[in-house]
Each structure stands twice: as structure tokens, then as C-alpha cells.
Amino acid sequence: MPSVAQHTVSGRRRRSPLPYTWQRGYLLASPALLVMLAILLYPLGYSFTMSFFRWDLSGSAPFIGMANYTDELFGRQFNQALRNQTIFSIISITIEVVAGMAIAVLVNGKLRGMRLARTLLLVPPMIAPAVVGLNFRWLFNTQYGLVDALLRMFNLPDIPWLNHPTWALVSVIVADVWQNTPLMVLLFLAGLQSLPQEPLEAATVDGATPWQRFWHIVLPLMRPIIMIALMLRIIDTFRTFDVVWLMTQGGPGGATNLLTVYSYLLAFQAVDFGHAAAVSYIALGMSLFVLGLLYGIPWLIAKRRAI
Amino acid sequence: MMSANLSRRKFLAASAAVTAGSLAAPWIARADANEITALLITGGPLYPKYWEKIVQDFTAKTGIKVRYDLLEFTPLTAKVVTLSAARSSQYDVYSTHTAQIDSYFNHFAPLNSYFSDSELAEFYPVAVKYLRDPKTGNLAAIPRNMDSRVQYYRSDIYQEKGLKPAETWEELVDVGLKLTGNGHYGLVVPGQGDPAQRTFSDLLWQAGGDWVDQANKPAFNSEAGIKALTFYRDLIQKHKIVPPDAVGYQWNENSTEFSSGTVYANFDWPGAFATLSNPETSRVVGKWSTAPYVKDKAAISCAISHAMALNGQSGRKDAAVEFIKYTVGPEAQRLQFDQFTNFPSSQAIAKEVISAAKGPQAVWLQQLETTIANGKEWPKLAGFSKVCTLMFSAIEQALTDQVSPADSLNQAATEAEEIMRRAGAYD
């Protein structure tokens, strides 16, 4: 039998000049690794380095240690952005997961028209976030917007969607929920359809109500899918930009300034790349921390139970 | 078959050749000394034709070819910032603007040595002054056209109601209150970002204040500044003569509100004259007129300019400067005015244009020229670009009643001084 290092080319047996070792594997993969280093790790490392310098096009770029980080962590604008980011992430993800699960359970049933409903669910995630942002900007316009026009039709008061700080944050959450809930539905639907039927059938025979079946059987079995969905959305909310930028540009008065928007403003309006990089890495650190909690807490609980 | 003839060795050799070719392409292109590259501004369907004509005429006269890319103002600014940070020599010439020029003092090559004093004296002094680095005196860019604002108002509605365009802040409120109702508003002002800062800036100067004091320390939180921001906020929140969504408006929304007929007065830029006269872009053709900007203690508004800059990294500076000179020369400025009603940066060309104009256009040009001649711009101190971002937020917070004007300005002044100190404005 020929060894792994031997090849058959044009019917002739050839011995490879190099033995099959792990070095050879790296050698063969090196072009791809070099490209990856150049286009992925180099900019990442460069921007991380940048966050420790005063990098503002002033000519000199002195090393300033953690100053960019401390400036931001104790700064008014960063704290406003952080507060907005926390509210935006928690509320959006909660609504998307709860509503996503509810709709998934509904469309999982054998009701008429569910096939069409499942197809329509694909539409919002397929639309570019920039288009969603522009559409919601018009929908929520107080003078010409469809939403306030409908409220007026029912003699209800106008809502200052985009010009009141609180309502502006509500508006961007609504747009985000509209776009991303269907994605949760599709994920949960896939999970629901792959659940084993035996425990559910046994529970039905034992007289469990639909709610009891959902709460005690479906939800625990769906936990891995829910975890994946949560992770995806946490990563996503920390890099939300387009929808917010096109709806409010972070306004009014910074009320919808998320960390990404704030970082963009620092880099391209304030021309302060050092602080912009620091904000980006704080956001990255925060999302990794939240993901770590999401992984770590269930792991710790399981470990304690095992003890 | 092709695949049968293509050995691994040939494939690798071909790939290496293609890669080497593509890597060498910029240097091969750079080898042509008679060709320069430019990143230019666009802003409407007429701009590409304008630049094409400028470039063709320039090449016909000088033999220097120009390869150029067009971008709208915001992405253009982002790209210039990025390329400057990367010390890129991709473009020899940049379109730029007075607004953020302080960020580029170390990246644009000084143009002083390419223009004589008498040539520079031809341009509006306000533009040349604010394109210079106050520390070194170097001229970072040369003005291509002037931008300032006058009042555009609905002459038909004003006549119907027996009103005259406002001259003072008090009249602005009075007239606005008489015109607001039934889904219409007496006035529109922007309320976000750079446009909000410009509007505050005008009101600050009109109230007798300024951005910085003699020692370049922030002074915008003076009594005049607080009065200006309070007046600005009250237009929206107290008198309600402005559409409530204005706190999210920038220039485009303001122009659209006026050209659609929803609001009856607006302070707009020179390009509005052409837009409002065109039935394709305006519902109020023939129903509007212009008047001078309002005033409080003084009649001061910002006078800024789109400008042309030479990339400090350029390897073909002389050819690039030839192109820059052509774009600010008489032919290009006249063409610019004819196509976009952009106001010339050269005083001599401006005089020619004004004397040739007739009727409402002549009146408007006179009003615009007065604003430009008396105009100002915010300081070009180190770090002021970052102060602007801070001011956007401070002004917006006051306009949306999240913070009082005094608190907002005082807090911003403290932070602004620290930003400018760190950036070296007081060294």
C-alpha cells in the first residue's frame, strides 16, 4: 500500500521531496496564513496599538499608555453611549428572543398559510440595514410619516419618534426588532423541528397542558439553540451601525449614540483615531465579557451540580 | 483541452506573473510624469459633467492628464481622513473644505509658495484666513467657491399676509408665529451635527460672542453664547415656529421642507437659488424671494469655502498645483457659477458675475456678497475638529431640552479647553 507521502502522477509513483510532518503542513498552509495575517490580524493588531497613542493627524503620535481608555471610561459622551448600548442590547435581544420563540412555536403548528408565513419571514433579514434605516426614518417622521398619520386617523396624539430622546431610542429598537426577530424565528423553528417527539408524546399521554409541555420539555431541550441565538445577537448588537446612523445619526443629542456610532464620529468627524480605537476595543471587550458570562454561568452551575 | 495543457508549474508561474503585475501596477501608472490623480467632490447630476469639462480643458491646455474619482462630501471627508492617516500618495489633489481643515495642516502641502501675495489677495480674505495654519501661517488649501447663507422666504405668502422678511431675531419670531399653523411652519432650522453648530455659530456672532477669547480659551459659554443657544432652542421648543422633527434635520431636510412648500422661510446656501428655480426640484418656483440674514447685535454669518488641496505625499506636486490653479482660475469659476450658482472665491470674478446678473438674481448676489464680506468661521486651532464633535452633542442636547443651554455650554467649554490643550493649541 502506498504511504501518504507518495503520489501517483500519470501512472508513475513519485516520492515527495519532503516527509509528511507538521512542518510540511504549515509550509503548505503558509500562503493562506500569510494572507490571513495581512488582511485580518495585522489591521486588528495595528488598531489595538493605535489605541495607546495620540493618533489624530497632528503629525506626532506620542505613546500615552491607557489615557485613551481612561478618557473614555470617565467621559460624559462615552458613558452616554454605553448606557444607550446597554439599553438597546438588553431590550432588543429580549424582545427578539421572546417574540422569536413565540412566533416559531406558532408557525411550527399545522395551521393553514404557515408555509407562506415562513417564506415571508425571510424578507426582513434579507433587506440591507441601510434600507431599513431609511424606511424607518420616513415611517417615523412626525409630519409625513405613516405611523403618526395612522395615529392621527384614530384621533390619537402624535408621537415624537425621532425628535424626543427617549422615543428616538425606542424607534431604533423597533427597527432592529423588526429586522432581526424573523432570524430568531428561523433559528428556533429549525430547533423545534429537530426536537425528539417521544418526550412530548409521553407528556401528552400523562396529561400535561401545552404550556407545561413547552415550559418543562421544549424550553430545556431548546437551550443550546437559544444560547446560539443569544450569542449571535449579542455580537450583532455590539456592531449595529447602519440602521441607527441612517435613522438618527446617534441623535437627538446623543440619545441613540451606540458605541459603534460614537467610534465612527470620533474617527471621521473628530479625526481622533486613538480614542476611536479605544472605544472599539472597549466594545469588543464588553461583548467578549458578556459572551463569557453566557458560557461560564451555565458551566459553573453544571459543575456545582456535579459536585 | 485547456485543463490538459495547464500544468501545476505553469499555473503557479502565471499566478505569480499576475500577482507581480497587479502589485507593480501603481508604480507603472506612477511612472507617467504627465498624469496626476485627484479626489474631487460631487453633489448632483451636473457635477460629473462639470469636472469632465474642467479636466478635458486642463489637459488640452497643459498636456497633463488627470485621473479622478468623485465622492459626495461626507464620504469624501471620511476618505481624505483615512488616506491622510495612512500617509497615502494615491491622490495628488484633494477637494476639501474649511470646516475640518485644522486636521490636515500636517498632511496637505503648503500652497503659499505656489501663489504670489497679489494672487492670494484676489481671493476673499475670510477664506484665505481660515485655510491657513494659525501657528505656521501655511496655506493648507485654496478656495474654489464661497459658501454663505441668506434668507429665502415665500414672497407670495408674505405678501398675502402683509408681512416683510424678518431683519432681527424678534421679528423672526413674530413673523414665524403669524405664519405657523395648518401643517405649515414659519421657519426651518437644522438641529443636528455640523449644520446645528453652524446655526449656533451664526447666532453666537450675531449676539456679540465668539468661539474663543484673546488667549484662545473657549468663550462660547459667555452671556452671548447662552443667549444665542436659548434663542435657538426656543425657536423649536417654545415658539414652535419650526417643524418638531428639525432636531434631526441637516441641510437637505431644510431645503426640502422649503422647496416642498411646507415651511415659509429658510436660511440656505447659494446652491438653493438654482434648486428653487428648477421645477424638477421645487414646488415653489416663482413664489419665493431672498433677503439678508437676520441679526441681533451684529449681522454676521459664517463664510466658508470648498477648496483644493495638495497632498503632502504627492510625488508630482508641480503638475498637481497646475491643476489646482486651473480649478480656481477664471474659466472654472465662471463655469461653476453658470452651472450651480456657486459663488466665486475670486473677488474679481464675483464682481463680474454680480454686475452681469439681473433682477432677483442680482439682488440675491449682492446680499450674498455682503454676508461673505462680513463673514467669519470658527477658529482653526489644534483639536478644534474634536471640539466640533463635542459641540454637536452639546447643542443637540440643549435643542432637545435634555440640558439647559447654560449647563450644556459650560460643560462643553471645560471639555473643549482640555481637548485643545492636549492637542497643543496652547503650546
Side-chain angles (χ1 to χ4, degrees), chain A residues 9-10 31 46 50 54-62 64 67-68 71 75-77 80-81 137-138 140-145 148 158-168 171 245 247-257 262 264-276, chain B residues 8 74-75 77-82 84-85 87 99-100 102-107 183 185 191-194 196 236 243-250 253 257 260 262 382-390 392-403 408 411-412 415 418-419 422-424:
Chain A
V9 180
S10 308
Y46 194 81
M50 197 185 268
R54 181 173 299 136
W55 204 290
D56 55 5
L57 299 192
S58 61
S60 62
I64 51 167
N68 286 331
D71 282 355
R76 188 168 52 97
Q77 285 180 291
Q80 190 189 22
R137 184 179 168 88
W138 281 110
F140 285 140
N141 185 295
T142 313
Q143 286 164 271
Y144 319 109
D148 274 344
D158 283 352
I159 291 177
W161 293 105
L162 298 177
N163 55 54
H164 186 278
T166 308
W167 283 110
S171 305
W245 185 253
M247 281 178 77
T248 61
Q249 293 203 5
T256 57
N257 216 2
Y262 181 52
Y264 177 87
L265 289 172
L266 279 172
F268 294 107
Q269 282 188 352
V271 195
D272 184 347
F273 292 99
H275 280 97
Chain B
R8 188 175 55 178
T74 306
T77 307
K79 190 159 184 179
V80 177
V81 167
T82 312
S84 297
R87 292 178 175 81
Q100 289 177 309
D102 57 291
S103 300
Y104 307 121
F105 285 145
N106 292 301
H107 294 269
Y185 294 89
Q192 196 176 50
D194 173 282
I236 303 169
D245 282 332
V247 292
Y249 285 176
Q250 299 207 14
E253 289 86 352
E257 291 278 308
S260 68
T262 308
F384 205 82
S385 285
K386 190 168 184 195
V387 172
C388 289
T389 316
L390 176 77
F392 298 169
S393 175
I395 294 163
E396 288 172 25
Q397 288 193 333
L399 295 184
T400 48
D401 258 348
Q402 294 179 67
V403 191
S408 186
Q411 206 163 12
E415 289 182 43
E418 180 60 15
I419 290 168
R422 283 188 190 178

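Quick note on labels: first sequence line is chain A, next is B, and so on, each numbered from 1.
- Among the candidates A:G75, A:P165, A:G250, the residue making the largest number of heavy-atom pairs closer than 4.5 Å to chain B is A:P165.
- Neither the backbone nor the side chain of B:S408 comes within less than 4.5 Å of any heavy atom in chain A.
- Chain A forms more heavy-atom pairs under 4.5 Å with one residue of B:T262, B:T77, B:L399, B:I395 than with any other, namely B:T262.
- Only the side chain of A:H275 comes within less than 4.5 Å of a heavy atom in chain B; its backbone stays farther off.
- Between B:V81 and A:A267 the shortest heavy-atom distance is CG1-O, 3.8 Å.
- A:N163 pairs by the side chain to side chain contact (heavy atoms under 4.5 Å, CB included) definition with A:T142, A:P160, B:P244, B:D245, B:V247, not counting sequence neighbours.
- Interface remark: A:D272 contributes side-chain atoms only to the contact with chain B (heavy atom separation under 4.5 Å).
- Looking at B:A78, the atoms closer than 4.5 Å to chain A (heavy atoms on both sides) sit in the backbone and in the side chain alike.
- Counting heavy atoms from C-beta on, the side chains of B:D401 and A:H164 never come closer than 4.5 Å.
- Contact of B:R87 with chain A is made through the side chain alone, with heavy-atom distances under 4.5 Å.
- Only the side chain of A:D71 comes within contact range of chain B, with heavy atoms under 4.5 Å apart.
- Contact annotation: the side chain of A:Q80 approaches that of B:Q402 to within less than 4.5 Å [non-hydrogen atoms, C-beta and beyond].
- The ring-ring contact (aromatic ring centres under 6.0 Å, His included) search around B:Y185 returns none, not counting sequence neighbours.
- At a 4.5 Å heavy-atom cutoff, B:I236 makes no contact with chain A through either its backbone or its side chain.
- A:Q249 contributes no side-chain N or O that, together with a main-chain N or O of B:G248, makes up a donor-acceptor pair within less than 3.5 Å.
- Looking only at distances, no side-chain donor or acceptor of B:Q192 sits under 3.5 Å from a matching main-chain atom of A:G253.
- The shortest non-hydrogen separation linking B:P243 to A:Q143 is CB-OE1, 3.3 Å.
- The contact between A:L266 and chain B is made entirely by side chain atoms (from C-beta outward), counting heavy-atom distances below 4.5 Å.
- For A:Y144, the part lying near chain B is the side chain, with the backbone staying farther off; criterion is any non-hydrogen pair under 4.5 Å.
- Looking at A:A168, there are no atoms closer than 4.5 Å to chain B (heavy atoms on both sides), in backbone or side chain.
- Here the CG atom belonging to A:L265 is positioned 9.5 Å from the OG atom belonging to B:S393, to the nearest 0.5 angstrom.
- Between the side chains of A:Q269 and B:Q100, not a single donor N or O lies within less than 3.5 Å of an accepting N or O.
- One finds the OH atom of B:Y249 at 5.0 Å from the CG atom of A:N141 (value rounded to the nearest 0.5 Å).
- Side-chain atoms of A:Q77 and B:E415 form no donor-acceptor pair, as typed in the model, at a separation below 3.5 Å.
- A:F268 CZ to B:T82 OG1: the interatomic distance, rounded to the nearest 0.5 Å, is 4.0 Å.
- Within the 4.5 angstrom heavy-atom criterion, no atom of B:F384 approaches chain A.
- To the nearest 0.5 angstrom, A:L57 atom CG is 4.0 Å from B:H107 atom NE2.
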